[in-house]
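Hydrogens, waters and symmetry mates play no part in the numbers below; they use all other heavy atoms, side chains included.
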Amino acid sequence: MQTKPFRIGTRGSPLALAQAYETRSRLMAAHGLPEEMFEIVALTTKGDRITDRSLAEIGGKGLFTAELEEQLASGELDFAVHSSKDMPTVLPDGLFLSAFLPREDVRDAFVGAAAPRLVELPEGATVGSSSLRRQALIRRLRPDLNVITFRGLVDTRLRKLAEGQVDATLLAFAGLKRLGKQDVPTELLDPRDFPPAPAQGAICIESRIGDERVNTLLESINDRTTHDAVTCERAFLGALDGSCRTPIAGHATSEDGKIHFYGMILTPDGSRFHDISSEGNVTDAERIGREAGEAVRAKAGTGFFESWS
């Protein structure tokens, strides 16, 4: 019987901590364990420390996970809680994504100071975003806007918006809801016109392969529907070698044993894009995502990807 607390690794941001607390609550309920059986260990990652440059400039998605994964691999942590969209498609040897919590709303939230809707912003207005996907989609819909890199914690970006540093910004609605800020958006963007990042809105748990004690604990809170959808989306991303350097969108849903996937790749300036829809049995989620990525890559041709370099 476990006598020492399980050590849960997380980033130290308010949103990351909210995700860790949700994970802890679900495990307590699933196993009838008291709070003191779970110790939350907050670490600061390189991605948290460097906020004056885009993720593409300083190394991509792994910036938010490396420190946690080092302690997980060494046994200092029992498992780590992440935003699924922050996870590289290739994980360190010995680690895997062992559980997903039920997915939140996948939509992007527009927060406008100069106008309540993206289409209503005045010509030349400045929109801040740290996401290359959001930047490219904004430019695709509104090439007249001035789109700039805009990083920081949720509260930091909202403060900068209130100070007038930008006229609008975009954030994941899932994160705002988890922080109790669901009233902040002035518009929720339709995922058919503004498709989300692969795995957006999903919390994942990373643990060690073969650690049956921990993995059995986590299996009880794994949401299979989210697991299947995110597996499909991450396979699409992996087939395109996706990182924070690449504007890629992807969204999978499952119903009645079928999975439905929609994906899009864009040039950073939003002027060109290719999209794809596919579906199949939910048991083939990974294959469906991978083949969709391979197909859209072939359709786009090598020249399309040169603009990503």
Side-chain angles (χ1 to χ4, degrees), residues 11-19 44-61 63-64 83 85-86 104-191 193-197 200-201 243-249 266-271:
R11 293 166 59 199
S13 72
L15 177 56
L17 288 170
Q19 295 177 163
T44 300
T45 68
K46 185 177 180 181
D48 296 311
R49 292 190 294 271
I50 303 174
T51 59
D52 60 342
R53 283 169 282 165
S54 70
L55 295 178
E57 291 180 81
I58 57 175
K61 290 182 182 242
L63 293 168
F64 289 126
S83 292
K85 70 175 183 176
D86 289 341
E104 250 294 358
D105 198 311
V106 302
R107 289 176 293 179
D108 283 305
F110 176 80
V111 188
R117 300 178 66 228
L118 176 61
V119 296
E120 294 173 359
L121 282 173
E123 185 176 346
T126 298
V127 183
S129 174
S130 62
S131 159
L132 289 187
R133 172 191 60 87
R134 290 180 183 137
Q135 291 177 1
L137 287 169
I138 293 166
R139 291 177 176 130
R140 174 180 170 237
L141 295 172
R142 290 288 308 272
D144 59 296
L145 296 177
N146 176 36
V147 183
I148 66 169
T149 298
F150 193 64
R151 289 194 57 216
L153 301 177
V154 171
D155 283 338
T156 302
R157 282 183 270 179
L158 293 176
R159 174 180 54 77
K160 290 179 179 179
L161 174 64
E163 291 171 351
Q165 294 186 32
V166 293
D167 297 304
T169 190
L170 277 76
L171 298 160
F173 188 42
L176 290 171
K177 290 181 73 174
R178 291 185 177 118
L179 289 170
K181 298 180 184 292
Q182 58 267 30
D183 296 331
V184 166
T186 55
E187 178 187 19
L188 295 176
L189 299 173
D190 189 328
D193 302 320
F194 210 96
Q200 183 159 310
S243 71
C244 286
R245 300 180 179 85
T246 51
I248 300 173
L266 305 94
T267 53
D269 65 2
S271 64

Q: Looking at OG1 of Thr149 and CD of Gln135, how far apart are the two atoms once the value is rounded to the nearest 0.5 Å?
A: 4.5 Å

Q: Give a yes or no answer on whether the side chain of Arg178 reaches the backbone of Leu15 with a donor-acceptor pair at less than 3.5 Å.
A: no

Q: Which pairs would a plain distance check flag for residues 109-123, meaning a side-chain donor or acceptor within less than 3.5 Å of a matching protein atom at least two apart in sequence or in another chain?
A:
from   : atom 1 : to     : atom 2 : distance (Å)
Arg117 : NH1    : Glu120 : OE2    : 3.4

Q: Could you report the tightest heavy-atom contact between Thr246 and Leu132, atom names first, then the distance?
A: N-CD1, 3.9 Å

Q: Give, for atom OG1 of Thr169 and atom CG of Asp108, the distance between the pair rounded to the nearest 0.5 Å.
A: 10.0 Å

Q: What residues form a side chain to side chain donor-acceptor pair (under 3.5 Å) with Arg142, not counting sequence neighbours?
A: Asp144

Q: Report yes or no: does Ser83 contribute a side-chain atom to a donor-acceptor pair with the main-chain N or O of Asp86 at less than 3.5 Å?
A: no

Q: I need the Leu179 CG to Ser13 OG distance, nearest 0.5 Å.
A: 8.0 Å

Q: Using every non-hydrogen atom in the two residues, find where Arg139 and Pro268 come nearest and quote the distance to one decimal.
A: NH1-O, 3.1 Å

Q: Rounded to the nearest 0.5 Å, what's the gap from CG on Leu189 to CG on Leu170? Could you check?
A: 5.5 Å

Q: I'd like to know if the side chain of Arg133 and the backbone of Pro195 have a donor-acceptor N/O pair within less than 3.5 Å.
A: yes

Q: What pair of heavy atoms forms the shortest contact from Ser130 to Arg157, and how long is it?
A: OG-NH1, 3.7 Å

Q: Which pair of heavy atoms, one from Leu141 and one from Asp193, lies closest together, and at what distance?
A: CD1-O, 4.5 Å

Q: Does the side chain of Arg140 reach to within under 4.5 Å of the side chain of Leu137, using non-hydrogen atoms?
A: yes

Q: Quick one: NZ on Lys85 to CD on Gln200, what's the gap to the nearest 0.5 Å?
A: 4.0 Å

Q: So, for Gly124 and Asn146, which heavy atoms are closest and what is the spacing to 0.1 Å?
A: O-CB, 4.0 Å

Q: Under the side chain to side chain contact (heavy atoms under 4.5 Å, CB included) criterion, do Arg107 and Phe194 qualify, and how do the steps go?
A: CA-CA 8 Å; Arg107 289 176 293 179; Phe194 210 96; over 6 Å; no

Q: Going by side chain to side chain donor-acceptor pair (under 3.5 Å), name the residues that satisfy it together with Gln165, two or more places apart in sequence or in a different chain.
A: Glu163

Q: What I'd like to find out is whether the side chain of Asp155 reaches to under 4.5 Å of the side chain of Lys181, using heavy atoms alone.
A: yes

